[in-house]
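Reading through the structure tokens given below for one structure.
Sequential numbering from 1 along the given sequence is applied to the chain's residues.
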Amino acid sequence: MGAAAVWPPTIRPDPSGYGASDGLPSGNPFGGTPAEQESGAVTAVVSHVVEPGREQGFLRWQAKALKAQEKAPGFMGSELFRPVQEVQERWVAVFRFDSREHLDDWLASDVRQGLLEEGRRYFASYDVHKVGSAFSGWFSFEGGARGDAPPNWKQAMSVLLALYPTVMVLNLTVGYELDDLGVPGYVGLFVGNVLSVSALTWLLMPLVNRVLAFWLVPGRARSARVHVAGAALVVLAYLLFVAIFELIS
């Protein structure tokens, strides 16, 4: 399992190897059962760098791992995402457990360790990251009460709204500069992650929260009209960003 840029989400190495990111990488589900949403559940995102020519073996290994995972206590669902050219170069497995304890038990289990040893013939590296709520810490309203957090689908749309332009700007500026300086890719990835996460945490997400408060704060967004209007506004912003970066990139 290898990692894609954190933003796009980066995934940190985990000695266990099969397993979770700050967000989900782009791609179409290729396998597994979508995980259900449940309070207290924990998601794991694992990215893999698959050896060229060993994709079919990797898929068979993933199917075997999923069968074993389905027997683990607290397992809720799993999805596998194929690489997307020029967007996400790695295979990404996403799975969800009903609690952090059950997830940790699976990650440390002898069954999983055995699967990892078997899977190393197919992937060159992997990274894993565990996240609790969809984007915990970036959404806090009216004193930060947990119940005031918007639903996960709104959180995901809002983070993408800030994430996409951040990644594009960094790629078009810092990314090119680091390449010209001959900085190794893994160092450049770390620098990009630090800058993007910092920008989202202290600048962009607070701004998004203020601008979209009418839509994000559950106490305010009570009608279908508000839900639809907010979602439409975010989608229009997506299209605007895409059009802008198409012109300048």
Does the pair Glu118/Arg121 count as a salt bridge with the N-to-O cut at 4.0 Å?
no

Short side-chain to backbone donor-acceptor contact, Thr201 and Ser198, under 3.5 Å
no

Give a yes or no on whether the ring-centroid distance for Trp106 and Phe75 is below 6.0 angstrom.
no

Is the shortest side-chain heavy-atom distance between Tyr122 and His48 below 4.5 Å?
no

Which heavy atom of Met205 sits nearest a heavy atom of Ala162, and at what distance?
SD-CB, 3.8 Å

With no hydrogens and no angle check, is any side-chain donor or acceptor of Glu55 less than 3.5 Å from a backbone partner on Gly53?
yes

Using the rule that Ile, Leu, Val, Met, Phe, Trp and Tyr join whenever any side-chain heavy atoms are under 4.5 Å apart, tell me whether Leu200 and Trp202 fall into a single cluster.
no

Between the side chain of Arg96 and the main-chain N/O of Gly77, is any donor-acceptor distance below 3.5 Å?
no

What closest approach, in Å, do Val208 and Ser158 show between heavy atoms, and which atom pair accounts for it?
CG1-CB, 3.9 Å

In terms of hydrophobic clusters joined by side-chain contacts under 4.5 Å, are Phe214 and Val228 together?
no

Quick check on Asp180: does its CG atom have over 12 non-hydrogen neighbours (other residues, nucleotides or ligands) under 6.0 Å away?
yes

Can you name the closest pair of heavy atoms from Met157 and Ala231 and give their distance?
CE-O, 3.8 Å

Between Phe97 and Asp105, is any pair of side-chain heavy atoms under 4.5 Å apart?
no

Where Leu115 and Ala65 come nearest, the two heavy atoms and their spacing:
CD1-CA, 3.8 Å

Do Leu181 and Tyr186 belong to the same hydrophobic cluster, where Ile, Leu, Val, Met, Phe, Trp and Tyr are linked whenever their side-chain heavy atoms lie under 4.5 Å apart, directly or via other members?
yes

Quick one: pull up CD in Glu70 and CZ in Phe95 and give me the separation to the nearest 0.5 Å.
12.5 Å

How long is the gap from CD on Gln62 to CZ on Phe123, to the nearest 0.5 Å?
8.5 Å

Got Leu212 and Leu161 here, is their nearest side-chain heavy-atom distance under 4.5 Å?
yes

Atom of Arg82, atom of Leu59 and distance for their closest heavy-atom approach
NH2-CD1, 4.3 Å

Working to the nearest 0.5 angstrom, can you tell me the gap between Glu79 CD and Leu66 CG?
11.0 Å

Would a 4.5 Å heavy-atom cut-off, applied to side chains only, mark Glu117 and Gln113 as touching?
no

Between the CG atom in Leu160 and the OG1 atom in Thr166, the distance rounded to the nearest 0.5 Å is 10.5 Å

Mutual orientation of the aromatic rings belonging to Phe58 and Trp61 [parallel < 30°, tilted 30-60°, perpendicular > 60°]
tilted

What is the distance from atom OH of Tyr176 to atom CG of Asn171, rounded to the nearest 0.5 Å?
7.5 Å

Separation between CG (Asp104) and OG (Ser109), nearest 0.5 Å, reads 11.0 Å

Minimum heavy-atom separation for Lys154 to His227, with atom names?
NZ-ND1, 2.8 Å

Residue pair Arg60, Lys64: steps toward the side-chain contact (heavy atoms from CB on, under 4.5 Å) verdict:
CA-CA 6 Å; Arg60 289 192 294 271; Lys64 181 178 180 179; over 6 Å; no

Linking I/L/V/M/F/W/Y whenever any side-chain heavy atoms sit under 4.5 Å apart, do Ile248 and Tyr164 land together?
yes

